[in-house]
2 protein chains.
Amino acid sequence: MTKNNVSKKDEILNAAIILFAEQGFSNTSITEVAKATNASTANIFYHFKNKEELFLAALENVKQGIITRFDEYFRDRDFTNGLQMMEEIISYYLYLAGSMEQWFLLLHSHYPYRLALVNNVCRDHLEQTYNSLVEIFEQAVVRGKKDGSIADVDSRKTALVIFSMVEGVVRFKIYNLYDAGALFNELIKSCNKILKYKE
Amino acid sequence: MTKNNVSKKDEILNAAIILFAEQGFSNTSITEVAKATNASTANIFYHFKNKEELFLAALENVKQGIITRFDEYFRDRDFTNGLQMMEEIISYYLYLAGSMEQWFLLLHSHYPYRLALVNNVCRDHLEQTYNSLVEIFEQAVVRGKKDGSIADVDSRKTALVIFSMVEGVVRFKIYNLYDAGALFNELIKSCNKILKYKE
DNA sequence: TTTTAGACTGACTAATCAGTCAGTACTTGT
DNA sequence: ACAAGTACTGACTGATTAGTCAGTCTAAAA
């Protein structure tokens, strides 16, 4: 496997991520992917068994990208407490959704969730992606409860609600509905209230 | 225009909503819509200029459906205060998203938001739908601020954040990610905290 | 009874689709 | 030098696609 071959396969994969994200699975033809990478359609089917496999490879790439980015982010960061950690996680999440919009467009499209019902590989990719993300939010809650910056709330459920709130804002952003920037301060404020008070 | 003709057009429209919602625009063929309604493809193009017009009609139908349902809901309801009103709105929103899943699947798919960039009719439908929904949430906040059940928060932005939180949970539900029922109590609790406290 | 108009269809088309296959170019180990 | 395997392509296929068109059927108005 030469250096050039690997990079051609990656080139196809990266083009596929962008096209699938922007246009959807069904509305993206192999011919389009081929044109975007100066490859023949036959070459795409040489590297990927079929169109569905190409999509699964794209989804796995997105999963790995998100997990890796958060790993790197945590590696060279330290937080004063759990509440501040949550604030920074949300901040980084919104930053990532802005700079890697294709990843989140792909994750927000309906196709993979339908495919997951009949394809275990797809289901696993989605499960792993969301488990990793929710776990990150949950870790902040658990830590905050220990250091006293967060009230005695249900860690998992609170993490899920805050995650769904952030995902809602991300969806508004990538679908051009509302500006996430304008909502950022309100998002952090609301998050603080959810975490600081007990009921 | 006889009674039968109208109902055939409506039959086609209703089938289109379900198919577009479940399979997406590109992955739904006119042939499929025709088969589902025992019509010829030519008949579909007799009632609707082209596939895109059929989609726009479906989107408008969803918009009208949501607005009408909320109008009816408010017509025979009275709330003790703004905070309770918000709780009931969220409750009804989740109920509606469960019973009329196709509507929300259609609104959550990426296609209409891409189409809205180049098609004003589509953009207007989406804008009107979301304006109506956010306004409902905002009315509850405004009322709660007047009657004292809600703290002095930014009505619009708070409404948007709560709406995005609810929409996030709805997305988890219709994409089979997490059970909305299990998150309902946590959602209401979080919403109360956001509305009760001032920061 | 004849006219007219709306609802509807079968048969068609040109384009596009995912995927195949036989064969070529290039590299690398022996 | 040669064998072998990897990367890649042009030319193809059968199926499916959105959309057209000429013409049929029905019911009501004239």
Side-chain angles (χ1 to χ4, degrees), chain A residues 1-59 61 106 109 111-112 114-115 118-119 121-122, chain B residues 1-59 61 106 109 111-112 114-115 118-119 121-122:
Chain A
M1 210 190 281
T2 70
K3 186 179 162 190
N4 218 338
N5 298 337
V6 174
S7 98
K8 192 65 177 182
K9 189 178 177 181
D10 285 350
E11 207 185 322
I12 291 168
L13 188 56
N14 287 329
I17 291 172
I18 292 169
L19 289 168
F20 283 148
E22 287 177 353
Q23 309 184 327
F25 177 80
S26 300
N27 203 40
T28 300
S29 68
I30 294 295
T31 309
E32 271 180 286
V33 180
K35 272 180 188 157
T37 54
N38 286 316
S40 63
T41 62
N43 192 21
I44 292 174
F45 288 110
Y46 168 75
H47 286 298
F48 302 93
K49 201 176 89 188
N50 52 37
K51 198 184 172 186
E52 191 174 297
E53 287 285 318
L54 176 59
F55 182 84
L56 289 174
L59 191 62
N61 197 281
L106 204 78
S109 68
Y111 179 75
R114 237 185 317 129
L115 184 59
V118 294
N119 184 309
V121 176
C122 184
Chain B
M1 212 191 281
T2 68
K3 187 180 164 191
N4 217 338
N5 300 335
V6 174
S7 101
K8 193 67 177 178
K9 188 177 178 182
D10 285 350
E11 206 186 324
I12 291 167
L13 188 56
N14 287 328
I17 291 172
I18 292 169
L19 288 169
F20 284 150
E22 286 176 355
Q23 309 184 326
F25 177 79
S26 301
N27 202 39
T28 300
S29 68
I30 295 294
T31 309
E32 271 180 287
V33 180
K35 274 180 187 157
T37 54
N38 288 315
S40 62
T41 62
N43 192 22
I44 292 174
F45 288 110
Y46 168 75
H47 286 297
F48 303 93
K49 201 176 88 188
N50 52 36
K51 198 184 170 186
E52 191 174 300
E53 287 284 320
L54 176 58
F55 182 84
L56 290 174
L59 191 63
N61 196 281
L106 204 80
S109 68
Y111 179 76
R114 236 185 316 129
L115 184 61
V118 295
N119 184 310
V121 176
C122 184

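Labels below follow one simple rule: chain letters A, B, ... track the order of the sequence lines, proteins then strands, and each chain is numbered from 1.
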Measure the distance from [atom1] on [X] to [atom2] on [N] and round it to the nearest whole Å.
X	N	atom1	atom2	answer
B/Asn50	D/dC21	CG	P	14 Å
A/Glu52	C/dG19	CD	C1'	14 Å
A/Phe45	C/dT20	CZ	P	7 Å
B/Lys35	D/dT16	NZ	C1'	10 Å
B/Ile30	D/dT16	CD1	C1'	13 Å

Q: Write down the atom of A/Ala36, the atom of A/Ala15, and the distance for their closest heavy-atom approach.
A: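 So the two residues come closest at CB-CB, 4.3 Å.
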Q: Provide the closest heavy-atom pair for A/Asn38 versus A/Lys8 in the form atom of the first, atom of the second, distance.
A: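 That would be O-NZ, 3.6 Å.
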Q | By ring-ring contact (aromatic ring centres under 6.0 Å, His included) - contacts of B/Phe48 (at least two apart) | A |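 For B/Phe48, no residue satisfies ring-ring contact (aromatic ring centres under 6.0 Å, His included) once neighbours in sequence are set aside.
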Q. Using a heavy-atom distance cut-off of less than 4.0 Å, which residues of residues 16-28 of chain A contact DNA chain C?
A.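 Only A/Thr28 qualify.
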Q. Is the distance from OP1 or OP2 of D/dT6 to the nearest side-chain N or O of A/His47 less than 4.0 Å?
A.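 Negative; the distance criterion is not met.
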Q. Under 4.0 Å between a side-chain N or O of B/Ser29 and OP1 or OP2 of D/dT17?
A. yes
Q | Annotated protein contacts, base or backbone, on nucleotides 9-15 of chain C with a non-hydrogen cut-off under 4.0 Å, one of B, S, - each | A | BB-----
Q: Compute the ring centroids of A/Tyr111 and A/Phe55, then answer whether they are less than 6.0 Å apart.
A: yes
Q. Is the closest side-chain heavy-atom distance between B/Ile30 and B/Phe45 below 4.5 Å?
A.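 Heavy-atom side-chain distance check passes, below 4.5 Å.
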